[in-house]
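Beneath this line is the structure, given in structure tokens, with notes to follow.
In this chain, numbering begins with 1 at the start of the sequence shown. The shown structure was predicted, so the numbers you read here are calculated from the model rather than taken from an experiment.
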Amino acid sequence: MIVTATEMANEGKKILDQVIQTGEPAQIQRHGRTVASLNPHIGATRSELIRLLGGRGFSEKDSQQLRQAMDEASDVVGYAGGN
């Protein structure tokens, strides 16, 4: 989607919500030139993962292994969805 800088200034929340809901990036233009891009964040926080995977038949051992894997990923990349 292409939006003008004026639209972004006036309707920023609406545009942000649309990017989140559709997953489509927004190209912000000023005087007909793209000056910025607004891209959806891809991924999930630790609490989102736990919520998404809850009720899927994970045993306590599976849950512990998932937590350990996320902790190890945090050590490698510096952040892996804290909380």
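We find the NZ-CD distance between Lys14 and Glu7 to be 8.5 Å, quoted to the nearest 0.5 Å. With rounding to the nearest 0.5 angstrom, the CG atom of Asn10 is 8.5 Å from the CD1 atom of Ile15. Atom CD1 of Ile20 and atom CG of Leu38 lie 8.0 Å apart (nearest 0.5 Å). Rounding to the nearest 0.5 Å gives a distance of 12.5 Å between CE of Met8 and CZ of Arg30. In this structure, CD in Gln21 is found 9.5 Å from CG in Leu16, a value given to the nearest 0.5 Å. Separating the CD1 atom in Ile28 from the OG1 atom in Thr6 is a distance of 11.0 Å, to the nearest 0.5 Å.
Residues Thr34 and Gln27 approach most closely at CG2-OE1, 3.3 Å, considering heavy atoms. Smallest separation of non-hydrogen atoms from Pro25 and Val19: C-CG2, 4.5 Å. Taking every heavy atom of both residues into account, Pro40 and Gly23 meet most closely at CG-O, 3.3 Å.
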For Gln68 and Glu72, run side chain to side chain donor-acceptor pair (under 3.5 Å): C-alpha distance rounded to whole Å, both residues' side-chain angles, the deciding distance at 0.1 Å, then the answer. CA-CA 6 Å; Gln68 181 180 354; Glu72 290 172 7; 3.0 Å; yes
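Taking the charged nitrogens against the carboxylate oxygens, Asp71 and Arg67 have no contact shorter than 4.0 Å, which rules out a salt bridge.
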